[in-house]
Amino acid sequence: MNLVHEHITDAIKAPDLIRLRDNIILARFETMKVYAALGAVRTLLDRGVVRAGQTLVDSSSGIYALALAMACHRYGLKCHIVASTTVDAAMRAQLEVLGATVDQMPPSQSLRLDQERRVHRVHQLLAQRPDVHWMRQYHDSVHYEGYKHFAALVSEAVTGPLTVVGAVGTGASTGGLVEALRATDPSVRLLGLQPFGSITFGSDGFTDPEAIIAGIGSSIWFDNVRHHLYDCLHWVDFRHAMAGTIGLLRDHAVFAGLSTGAAYLVAEWEARRNPDRTHLVIGADTGHRYVDRVFARHEEALDVESLRPLEITSLDDLAMPWSVMEWQRRPWPVVRQEEQAS
């Protein structure tokens with residue numbers, strides 16, 4: 001093991017693996033998307049798609065922005081972030097000190113409006129500055145590359161039947177990890193998490209009245225989501241994700257973000273039903289972005305052990321606040337076509 005790192009990205013890219021229960025392990029990252037950004041930028045440089053000194057631009061709700069800024073810092077590139085309204089002052093300050101320029105969207109309670117504004121701004125920048133390279137974290141499969149290193153770490157550390165539990169988001173983190181793991185073990189299961197209101201797995205007809213769960217789902221289509229990789233889907237509202245987040249800190253002293261809390265909630269339920277499988281929870285980031293919205297409201301949090309999902313067999317039965325459906329590694333829109341035909 002190399003105890004002295006040449007750059008901060010080497011120190012923080014790999015997670016700490018923490019056993020929460022006999023069959024639940026948390027992969028706790030400071031910022032998971034360092035894997036995606038480093039792998040993508042290094043690959044693009046090696047292919048000659050981008051060059052040192054060039055500006056890389058992308059849209060982000062937070063942790064990818066910081067990861068991309070760090071990768072640019074490491075490899076001598078410039079960085080421009082079109083930031084979601086959810087990017088807080090601490091994150092923005094880090095980006096600016098790292099040399100990134102930031103366009104931040106105005107306040108909004110609409111996931112769709114926030115993302116549409118960001119995409120529109122990216123297209124404006126590309127028209128004004130044809131020399132910049134759009135990273136397209138939502139669509140460019142180059143972001144799968146970095147997670148092969150995460151898969152190697154998991155394969156070495158975890159034995160026996162494995163279920164990965166994580167937010168779908170752009171698709172690259174869970175998809176990249178599981179594609180690499182299944183290369184040697186096709187039995188690895190993947191459980192994806194979505195917020196209500198996300199188009200990605202068909203919950204766009206719903207509105208979560210309390211909050212946007214940034215980074216878990218989307219109101220726009222992501223090409224990097226490979227639906228056929230997922231065995232099972234859970235849709236979780238804000239209050240249930242909050243319950244998992246507070247429960248994780250209360251029960252295990254782990255201060256993590258909202259998507260991690262949602263994954264912990266799901267893993268607790270799944271692990272009781274499948275005691276013979278190890279459940280690996282993807283903990284994408286720390287809880288610092290959620291102090292006011294989540295942790296300051298800890299007395300309101302629901303009890304994790306008292307919560308149960310609605311088990312459904314069709315998207316037509318999808319209902320808040322928490323639903324679960326076996327996806328069976330089917331592509332989109334095959335699921336909809338099958339339901340319409342039945």
Side-chain angles (χ1 to χ4, degrees), residues 8-16 26-41 56-74 79-98 100 102-105 111 114-115 118 135-138 140 143-147 149-150 166-177 193 195 198 211-218 222 224-225 241 245 248 254-264 281-295:
I8 183 64
T9 49
D10 288 328
I12 67 172
K13 68 180 181 181
D16 297 310
L26 172 67
R28 181 191 180 276
F29 289 90
E30 181 173 334
T31 172
M32 175 185 66
K33 290 193 176 180
V34 168
Y35 267 128
L38 281 181
V41 171
L56 307 186
V57 63
D58 213 346
S59 162
S60 175
S61 61
I63 60 174
Y64 180 78
L66 183 58
L68 183 60
M70 287 180 170
C72 288
H73 181 276
R74 177 171 186 167
C79 181
H80 184 90
I81 298 297
V82 179
S84 167
T85 185
T86 59
V87 171
D88 62 17
M91 176 70 73
R92 179 161 183 159
Q94 290 180 77
L95 294 172
E96 291 175 345
V97 172
L98 282 167
V102 181
D103 277 333
Q104 185 159 12
M105 298 300 100
L111 177 62
D114 182 66
Q115 290 183 317
R118 284 188 273 150
M135 290 298 294
R136 302 174 74 244
Q137 66 150 325
Y138 307 136
D140 192 337
H143 290 90
Y144 272 60
E145 293 296 319
Y147 292 109
H149 301 287
F150 180 23
V168 175
T170 66
S173 57
T174 49
L177 170 62
L193 277 71
S198 172
I212 298 170
I213 307 180
I216 302 181
S218 174
F222 288 170
N224 270 343
V225 176
T245 307
L248 183 59
V254 176
F255 182 57
L258 204 56
S259 69
T260 306
Y264 170 64
V281 175
I282 306 301
D285 63 350
T286 63
H288 295 87
R289 292 195 293 158
Y290 302 96
V291 170
D292 293 331
R293 282 203 302 148
V294 176
F295 292 99

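Atoms considered below: every heavy atom in the structure, side chains included; atoms not considered: hydrogens, waters and symmetry mates.
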S.K.: Assess the residue pair Leu68 and Val41 against the criterion (side chain to side chain contact (heavy atoms under 4.5 Å, CB included)); give the C-alpha distance rounded to whole Å, side-chain angles, the decisive distance to 0.1 Å, and a yes or no.
M.R.: CA-CA 8 Å; Leu68 183 60; Val41 171; 4.0 Å; yes

S.K.: On a heavy-atom basis, which atom in Ala69 and which in Leu98 lie closest, and how many Å separate them?
M.R.: CB-CD1, 3.9 Å

S.K.: Identify the two heavy atoms, one from Leu56 and one from Cys72, that lie closest to each other, and give their separation to 0.1 Å.
M.R.: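 The answer is CD1-SG, 3.8 Å.
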
S.K.: Which heavy-atom pair separates Ala256 from Leu248 by the least distance, and what is that distance?
M.R.: CB-CD2, 4.0 Å

S.K.: Could you state the interatomic distance from OG1 (Thr170) to CG (Asp140), rounded to the nearest 0.5 Å?
M.R.: 11.0 Å

S.K.: Let's go through Ile12 and Met70 carefully: what are the C-alpha distance in whole Å and the side-chain angles of both, what is the deciding distance for side chain to side chain contact (heavy atoms under 4.5 Å, CB included) to 0.1 Å, and is it a yes or a no?
M.R.: CA-CA 11 Å; Ile12 67 172; Met70 287 180 170; 3.7 Å; yes

S.K.: Go through it in stages, so that I can follow the logic: the residues are Tyr290 and Thr260, the test is side chain to side chain contact (heavy atoms under 4.5 Å, CB included), and I'd like the CA-CA distance, side-chain angles, deciding distance and then a yes or no.
M.R.: CA-CA 12 Å; Tyr290 302 96; Thr260 306; over 6 Å; no

S.K.: Considering residues at least two apart in sequence or located in another chain, which fulfil the side-chain hydrogen bond (donor to acceptor under 3.5 Å, both in side chains) criterion with Ser60?
M.R.: none

S.K.: State, to 0.1 Å, how close Arg136 and Asn224 come at their nearest heavy-atom pair, and which atoms those are.
M.R.: O-ND2, 4.4 Å

S.K.: Is the shortest side-chain heavy-atom distance between Phe150 and Ser173 below 4.5 Å?
M.R.: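 No; the side chains remain at least 4.5 Å from each other.
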
S.K.: Can you tell me how far apart CG (Leu258) and CZ (Arg293) are? Round to the nearest 0.5 Å.
M.R.: 6.5 Å

S.K.: Rounded to the nearest 0.5 Å, what's the gap from CD1 on Ile8 to CD on Glu30? Could you check?
M.R.: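 The CD1 atom of Ile8 sits 6.5 Å away from the CD atom of Glu30.
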
S.K.: Looking only at heavy atoms, what is the nearest atom pair of Tyr264 and Val281, with distance?
M.R.: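 Closest approach of Tyr264 to Val281, heavy atoms only: N-CG1, 4.0 Å.
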
S.K.: Looking at His288 versus Phe255, is the centre-to-centre ring distance below 6.0 Å?
M.R.: yes

S.K.: So how far is it from Ser198 OG to Leu193 CG, rounded to the nearest 0.5 Å?
M.R.: 11.5 Å

S.K.: In a check of side-chain hydrogen bond (donor to acceptor under 3.5 Å, both in side chains) between His143 and each of Tyr138, Tyr64, Tyr35, which one passes?
M.R.: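 Result for side-chain hydrogen bond (donor to acceptor under 3.5 Å, both in side chains) with His143: Tyr64.
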
S.K.: With no hydrogens and no angle check, is any side-chain donor or acceptor of Thr31 less than 3.5 Å from a backbone partner on Asp285?
M.R.: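 Not confirmed, Thr31 side chain does not pair with Asp285 backbone.
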
S.K.: To the nearest 0.5 Å, what is the distance between CD1 on Ile81 and CG on Leu95?
M.R.: 6.0 Å

S.K.: Kindly indicate, with the supporting measurements, whether the criterion side chain to side chain contact (heavy atoms under 4.5 Å, CB included) is fulfilled by Arg74 and Asp10.
M.R.: CA-CA 10 Å; Arg74 177 171 186 167; Asp10 288 328; 2.9 Å; yes

S.K.: Which value, rounded to the nearest 0.5 Å, describes the distance between Met91 atom CE and Ile63 atom CD1?
M.R.: 7.5 Å

S.K.: For the residue pair Lys33 and Gln137, establish whether any side-chain heavy-atom pair is separated by less than 4.5 Å.
M.R.: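 In short, these two side chains touch, coming nearer than 4.5 Å.
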
S.K.: Which atom pair, heavy atoms only, marks the closest approach of Val87 to Gln104?
M.R.: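 Looking at all heavy atoms of both residues, the shortest contact is O-NE2, 2.6 Å.
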
